[in-house]
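No hydrogens, no waters, no symmetry mates; every other heavy atom, side chains included, goes into these values. Remember, it's 1-based here, ligands and their atoms both numbered in the order they're listed.
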Amino acid sequence: MKVVSSLAELRSARAALHGPLGLIPTMGYLHAGHLSLVQRARIECASVAVSIFVNPTQFAPAEDLASYPRDLDRDLAMLKRVGTDLVWTPVAEEMYPSGYQTWVTVERLTLPLEGAWRPGHFRGVATIVAKLFNAMQPQRAYFGQKDAQQALVIRQMVRDLNFPLEVVVGQIIREPDGLAMSSRNSYLAPDQRRAATVLHRALKAAEHAFAAGDHDAESLRRIMMDILLTEPLAVSEYVSVAEPDTLSEIDGEVRRALLSMAVKVGKTRLIDNLELG
Ligand code: PAF
């Protein structure tokens, strides 16, 4: 497994890789969700590359950029075990040198949900992902469904900017009690960790109601809210029943939907989602 940092090193290491390349962009502090994407890429591609970069431009000033968990040695050991050909750990000064002024903005899809609560977030995500694609030139790029809106935004950007690659979205990997895996779960104190299962419980309650014949969007939102309200440590930011391709909120009858939510447990902001229909 080759590990490179500068763009010059990356370009020569990339040139030495054979066949279709699968790229898994990450911000590090890897967990089983990331590793499942690496394993899938291992099966589907001749070569596998992972980028590890805590991208400063997708964090708002009051967010957790400084405290975001980092452990490069641990990440590299995990990647070596699952079989990775190339790891790129870009440096911020090379990604955003002084005088930097070029941004990628995806419009409508970034307005609701995470975009509404984290202004500027998707501009940072789309810009860094475009830069990673330009440098790595992968044939496939792998993202997790936990960040469902991010996956849609990146698909849209790939289509709109004619990147010659396929976006692959891997299913959410969960802890045995249902909590979606996330690097930010490491912030949770034991009582908060227990409380954090409320997101999955709320999504499952709406899924059961839908399966039992409740297809009314407002009723499904209410079912999720009611479960979230049972957990005193959880404060919800949004609860959504949206059209899965456009993310417009559904009013009335639900045939297919993306159920999603963002909830704060203490200072930790958690997101989760589930597809219906
Ligand atoms: O999902 C993430 O970890 C990040 O948003 C990504 C796609 C690596 C861009 O920084």
Side-chain angles (χ1 to χ4, degrees), residues 5 7 10 21-38 40-41 48-60 63-72 74-76 78-79 84 86-92 94-96 100 102-106 109-110 113-115 117-136 138 140-158 161 163 165-173 180-187 260 262 268-273:
S5 200
L7 257 174
L10 184 267
L21 173 68
L23 170 66
I24 300 94
T26 81
M27 297 207 301
Y29 212 71
L30 305 178
H31 51 68
H34 297 111
L35 298 184
S36 73
L37 299 177
V38 177
R40 181 161 173 189
V48 177
V50 173
S51 61
I52 299 179
F53 180 58
V54 183
N55 173 38
T57 66
Q58 67 189 73
F59 290 79
E63 290 181 357
D64 57 343
L65 172 63
S67 60
Y68 196 83
R70 293 163 170 88
D71 190 340
L72 185 59
R74 174 178 163 277
D75 290 346
L76 294 179
M78 290 166 100
L79 291 175
T84 307
L86 174 62
V87 181
W88 182 27
T89 60
V91 274
E94 210 171 17
M95 288 293 99
Y96 300 110
Y100 187 87
T102 302
W103 301 98
V104 178
T105 306
V106 176
L109 264 177
T110 64
L113 308 178
E114 290 299 288
W117 282 85
R118 302 185 68 188
H121 170 68
F122 286 118
R123 180 180 89 143
V125 169
T127 301
I128 193 63
V129 171
K131 288 166 73 72
L132 297 172
F133 287 172
N134 279 334
M136 278 277 189
R140 284 169 167 243
Y142 293 79
F143 297 88
Q145 172 65 14
K146 188 176 79 72
D147 295 294
Q149 187 173 14
Q150 168 173 282
L152 286 173
V153 166
I154 290 166
R155 268 193 207 290
Q156 186 71 43
M157 177 190 80
V158 162
L161 297 184
F163 280 103
L165 60 88
E166 185 188 341
V167 173
V168 181
V169 181
Q171 65 179 33
I172 299 178
I173 306 295
M181 292 210 180
S182 163
S183 308
R184 289 188 168 98
N185 292 349
S186 63
Y187 296 146
S260 67
T268 306
R269 187 173 184 279
L270 301 172
I271 58 173
D272 202 350
N273 69 82

### Task
Verify, without hydrogens or angle tests, whether Ser5 (side chain) and Thr89 (backbone) share a donor-acceptor contact under 3.5 angstrom.
yes

### Message
Please list, in number order, the atoms of ligand 1 under 4.0 Å from a heavy atom of Ile128.
### Response
9 (C), 10 (O)

### Summary
Atoms of ligand 1 under 4.0 Å from any heavy atom of Thr26, numbered from 1 in the order shown, are 8 (C)

### Message
Within the 3.5 Å criterion, strictly below it, is a donor on Thr57 or Tyr96 matched to an acceptor on the partner's side chain?
### Response
yes

#### Entry: Test ring-ring contact (aromatic ring centres under 6.0 Å, His included) applied to Tyr68 - qualifying residues, sequence neighbours left out
Phe59

### Message
Restricting to ring-ring contact (aromatic ring centres under 6.0 Å, His included), what partner residues turn up for His121, sequence neighbours left out?
### Response
none

### Pro25 neighbourhood, listing ligand 1 atoms whose heavy-atom distance to it stays under 4.0 Å
8 (C)

### Query
So between Lys131, Met27, Gln58, whose heavy atom ends up nearest atom 10 (O) of ligand 1?
Gln58

### Summary
Near Gln150 (heavy-atom distance under 4.0 Å), the atoms of ligand 1 are 1 (O), 2 (C), 4 (C), 5 (O), 7 (C)

#### Entry: Asn55 side chain vs Met27 backbone, donor-acceptor pair below 3.5 Å
no

